[in-house]
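Report on the following structure.
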Number of protein chains: 2
Amino acid sequence: MLTREADYAIRALLRLAQLEGDRVLSTTRLAEEMLIPYRFLRRLTLKLEEHGFVESARGKHGGLRLARPAEAISLLDVIQLMHPESVAFNQCLVDEASCARSPECTVRRTIADIQAEVHHQLAGVTMATLAAVPKEE
Amino acid sequence: MLTREADYAIRALLRLAQLEGDRVLSTTRLAEEMLIPYRFLRRLTLKLEEHGFVESARGKHGGLRLARPAEAISLLDVIQLMHPESVAFNQCLVDEASCARSPECTVRRTIADIQAEVHHQLAGVTMATLAAVPKEE
DNA sequence: GAATAATGATACGTATAATGTATCATATAA
DNA sequence: TTATATGATACATTATACGTATCATTATTC
């Protein structure tokens with residue numbers, strides 16, 4: 001399950017992907033448009049900036065823009081940044097030492113295969129993909 | 001991420017799937033063999049029984065066995081019983097009313113598609129599938 | 001029939017994390 | 001110089017995952 005934080009991050013980045021040129025959008029408007037709690041978004045965008053997903057302009061008429069092409073930001077990227085565990089399918093696939101069983105155990109291998117497939121799919125959807133969908137949102 | 005409860009349930013059912021005939025296995029041994037905390041397993045098996053996954057025999061030499069064929073118990077079945085949220089990929093896919101956005105929003109539809117694919121895969125792996133793997137566990 | 005070994009049912013405790021809010025500092029445009 | 005923006009943290013509140021504990025009931029075996 002996506003956390004709200006990851007969900008909000010995806011929606012915020014999607015909106016920024018829709019901006020033209022090097023326009024910026026303020027966090028205030030971003031929060032309003034995407035129905036995200038303002039203060040939550042503020043904290044969240046700091047992390048996005050820290051990790052090179054967005055750039056910010058301070059002061060009046062400041063705001064945010066993507067720091068890299070929308071094609072270069074996948075759902076997997078965002079989720080792994082915001083909440084790595086939500087794309088891990090079992091504890092042992094995050095922390096090997098957390099499980100006393102064999103690393104080759106049937107359950108682990110089976111779950112790992114499914115996880116790999118999901119990661120592949122999540123990596124295939126980028127902010128450009130989402131932004132290209134005729135908007136209904 | 002699978003919860004420990006779901007993980008344990010899968011491992012317990014897998015072990016029971018390996019029993020021959022209508023043999024039973026006690027919770028004590030099941031816990032030992034599959035490295036599951038005994039009391040946790042006790043509570044967990046009640047739920048499995050309540051929902052028709054296992055049958056129990058009480059008294060001395062009692063224990064548990066599968067209540068239906070191993071082929072008829074998929075990973076999806078078990079996870080959905082133990083922890084439905086862990087196979088839901090977003091809050092809005094569990095509780096429509098939790099989100100004020102359009103049901104047709106891009107993010108929701110995209111995540112829903114990926115969720116459907118994962119469910120398909122989880123439904124394709126049964127306790128019989130797992131039990132058939134040459135054991136290394 | 002008493003002792004033993006098993007499950008049935010439920011209640012309790014604790015630590016972590018998700019979600020959201022608040023505060024103060026800093027930068028920039030008009 | 002004022003207003004509007006972000007930078008950086010700290011705080012509060014639930015919810016829940018995980019594990020433990022307790023008492024009752026059933027069936028086998030000697």
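Because the structure is a prediction, the values reported are computed rather than measured.
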query: Is any side-chain nitrogen or oxygen of Ser56(B) closer than 4.0 Å to OP1 or OP2 of dA6(C)?
result: no

Any Thr3(B) side-chain N or O less than 4.0 Å from OP1/OP2 of dA17(D): no

- prompt: Which parts of residues 93-100 of chain A get close to DNA chain C, meaning a heavy atom less than 4.0 angstrom away?
  reply: none

- line: Within residues 39-51 of chain A, the residues having a heavy atom closer than 4.0 Å to DNA chain C are Arg39(A), Phe40(A), Arg43(A)

Calculate the interatomic distance between [X] atom [atom1] and [N] atom [atom2]; express it in whole Å.
X	N	atom1	atom2	value
Leu64(A)	dT4(D)	CG	P	18 Å
Glu32(A)	dT4(D)	CD	C1'	14 Å
Lys60(A)	dT4(D)	NZ	P	6 Å
Tyr38(A)	dA22(C)	OH	P	13 Å
Met82(B)	dG19(D)	CE	C1'	15 Å
Arg65(A)	dT6(D)	CZ	C1'	13 Å
Asp7(B)	dA17(D)	CG	C1'	13 Å
Arg29(A)	dT4(D)	CZ	C1'	15 Å

task: Would you indicate whether Arg68(A), at its atom CZ, is surrounded by more than 12 heavy atoms from other residues, nucleotides or ligands within a distance under 6.0 Å?
output: yes

task: Identify, between His61(A) and Tyr8(B), the residue whose nearest nucleotide on DNA chain D lies closer to the 5' end.
output: His61(A)

Per-pair distances, 0.1 Å, donor-acceptor, side chain in residues 81-88 of chain A, under 3.5 Å, sequence neighbours excluded:
from: Ser86(A); atom 1: OG; to: His83(A); atom 2: O; distance (Å): 2.9

- prompt: Do the side-chain N and O atoms of Ser56(B) and Glu49(B) include a donor-acceptor pair separated by under 3.5 angstrom?
  reply: yes

- prompt: For Ala31(B) and Tyr38(B), which heavy atoms make the closest approach, and how far apart are they?
  reply: CB-CA, 3.9 Å

message: Tell me the closest heavy-atom pair linking Glu33(B) and Leu25(B), and the distance in Å.
response: OE2-CD1, 4.3 Å

- prompt: Should Arg108(B) and Glu96(B) count as an ion pair when the cut-off is N to O under 4.0 Å?
  reply: yes

task: Look at Arg11(B) together with Asp7(B) and state whether they make a salt bridge at an N to O cut-off of under 4.0 Å.
output: yes

- request: Under the side-chain contact (heavy atoms from CB on, under 4.5 Å) rule, what do Val24(A) and Leu64(A) come out as? Steps first, then yes or no, please.
  value: CA-CA 5 Å; Val24(A) 297; Leu64(A) 305 172; 5.8 Å; no

message: Tell me if the side-chain of Arg58(B) makes a donor-acceptor pair with the base of dT25(D), cut-off 3.5 Å, by modelled atom types.
response: yes

query: Taking the six-membered ring of Phe40(B), is the NZ or CZ of Arg43(B) close enough (under 6.0 Å from the centre) and on axis enough (within 45°)?
result: yes

